[in-house]
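Contents: one structure, followed by commentary.
Both counts, for ligands and for their atoms, begin at 1 and track the order of listing. None of these values were measured; they are calculated from a predicted model.
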Amino acid sequence: METVSPLPSLDESSTCEALMEELRRKVREARSAEEVDQIEKAYRFASDLHLEQKRRSGEPYMVHPLSVANILADMRMDGVSIQAALLHDVIEDTSVTFADLRREFGEEVARVVDGVTKISKLDFHSAEDRQAETYRKMLLAMVSDIRVILVKLADRLHNMRTLGYLKPEAQQRVARETLDIYAPVANRLGMGKMRGELEDLAFRYLEPEAYAEITREIETRKHTNEETLQAIRQKVEAELRREGIPARVEARVKRAYSVYQKLKRQRISVDQVYDLLALRILTDSLKNCYAALGVIHNEWHPIPGRIKDFIAIPRPNLYQSLHTSVIGPHGQPFEVQIRTEQMHRVAEEGIAAHWKYKEGKQGPAEDDQRIAWLRQLVEWQREMQDPGDFMSTLKVDLYPEEVYTFTPRGRVIVLPRNATPIDFAYAIHSDIGNTCVGAKVNGRIVTLRYALKNGDIVEILTQPNHQPSKDWLSIVKTSRARNKIRQVINSAARAQAVEIGQKYLEKEARRLGVQLAKIPRQVFEEIAGEYGCSKMEDLYAALGYGRFSPRQILQKAAPGLAPAETPPEKPTAEAGTPSAGGALHVSEADFAIQVKGLDDLLIYRAGCCNPIRGEAIIGYITRGKGVAVHSRNCPNVQKLLYEPERKIDVDWTRSAADAFPVKLTVHTADQPGLLNQLTSILSHENTNIRNLEAHTDTESGDGAVIEMTVDVRDKKQLEKLINAMRRLSGVRDVERAS
Ligand code: MN
């Protein structure tokens, strides 16, 4: 859309009262007395809050919200928008909260102000070109009330008009953001006038030389062609009158930025732009638009291929008009735009014009309709710009609930509905995803299952060397995250399986008295082949995963092997996996537990359940940490069993020398002598106390909590101890912590 408005003055000289008076004049015409009162109230409220603040120009701060309100009043926006405009900076700049605004001005005003505040907090300047489209879509998707965008656009327009007061870097940043984000959004909303002014203001700061040259050229041409244009205009008016077509004829000058784009696009010079000057005919009806077109073509020769009927086929943002270019009296071409007054209003004000027509009878349903219309605009526009994007447009249509989330530095990450922080982490970088241990959304810790929402600012907490969990596969929503997780899990699991498989084979060989070094490598390679493995590594992996037992391999490698000295191999009942064979002797050495006769294989008791002798246990081949031994009742083990090939049978040895540290928590009444009674039970059982701490029970307030770590031989002994403690009067409960 090409529209014209005079360049704004950068000199803001009106006082607040004068601006308020201007606003009163505008709203009294169009709004109810009640709304005018509310606007007065918002003015006083905001004035008090911004009293001490000054703009960079040195003017009172209130000049800004008042100017924004005036822009919206010119667009004949409703009372809510104008109140929100007056209040739009109070949440951000003062101690006023959303709740305060809701109490004073109602839900709608508070929500619009809150929405504007949220958009202001977004940092678009890190946006790459590629992301601009995303930002624009996101702006529209984020708000449920379009007035948020309208207030924001008016806010930006006034800031652009007064941009001269900012430092040069800030000018560049704000102007770039305006050109990349806000002007296109205004265009999407059909707001030609707003878009034009935002573009020209931004252009002026971003390309000062080109701007100066083009405006100079436009001025010169305007003067030299003034007479011709006036002559044509009078002729048109006379012809239209003769035909009985009521019309208003305007001379228009193309916008500086729009000329600049045309120069760049067509690689031409300014004097080759023939629609720099043009006429616009505004009439009353659709029929008269076509009639006027006939009059023009009757008088001057149309240039073939330059007639465009945007009435029959409106532009995606609902712009309607007839365009034609004709050869003027002295052979110079000029453009004529013909439309109705109503089409003109829509062309200039877009959704704001639409808003007005619906005035007075809007319910929530109509609101929804308006938003749907809006979103559709966004999609249509995409489709028009790049047919290749049609598929992705379609996709967005089918799943309209994409979520737009942000990195703490303001980058937009678009994810499918219900995506989680893990998806977000992988969308940034696979290393971030792999090492993700937690997330903060809008500053608060959330679980990794949290469903992200529009506008969430997501910070991923990472820990070096952390590995993705298999559980994540059932949580994530993006295929990118799923593939990356699988990749890591598979490669880590395989590396571990290879290592375990090799050690496992070596251990079994030692136990059975087979000297592996004496068996030629070729023999093993043949065996690997028999098992469908192309190389030894694959065979080790298969052993590590428990697909075959080392005995099967060894019997093939050393056929003379007497199987009698060891118990026969039997598959376990649950999963049919081969047993690790023999009894594993588990002893503690820090956190790592070594197994006698299997000295390379790392075995440790799992911290979650800390099993002790006598309890049913099960081994699980972890990724990179050896074999974890869990109690069979351990809830974690149930989760781990989804991968039965990593399960390994283990058993306790008969050695009497071992002791297992167990943590106990004893809840007692605050009763003298009780601690002595407890320790005497322990010494009677010959148990060593590693650590003991007593403190008052902060939960119940009247008792004590005794935490101790004691060495127990086995499950039987532990049960005996706990029962003895429970029998003491004054002991309320004994819990095994781990
Ligand atoms: Mn502002």
- Metal site angle (apex the Mn ion (ligand 1)), OD2 from D89 and NE2 from H88, 10 degrees: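 The angle at the Mn ion (ligand 1) comes to 80°, rounded to the nearest 10°.
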
Strictly below 4.0 Å, N to O, side chains only: are [X] and [Y] in salt-bridge contact?
X	Y	value
R76	E349	yes
E21	R24	yes
D200	R255	yes

- Item | Of all N/O/S atoms in D155, the name of the one nearest the Mn ion (ligand 1) |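 Looking only at N, O and S atoms of D155, the one nearest the Mn ion (ligand 1) is named OD1.
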
- Hey, which of I119, V113, V112 is the one that makes side chain to side chain contact (heavy atoms under 4.5 Å, CB included) with V151?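 That would be V112; it is the only one of I119, V113, V112 passing the side chain to side chain contact (heavy atoms under 4.5 Å, CB included) with V151.
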
- Got an N, O or S from H64 under 2.8 Å of the Mn ion (ligand 1)?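 Looking at H64, which is the residue asked about, there is an N, O or S atom under 2.8 Å from the Mn ion (ligand 1).
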
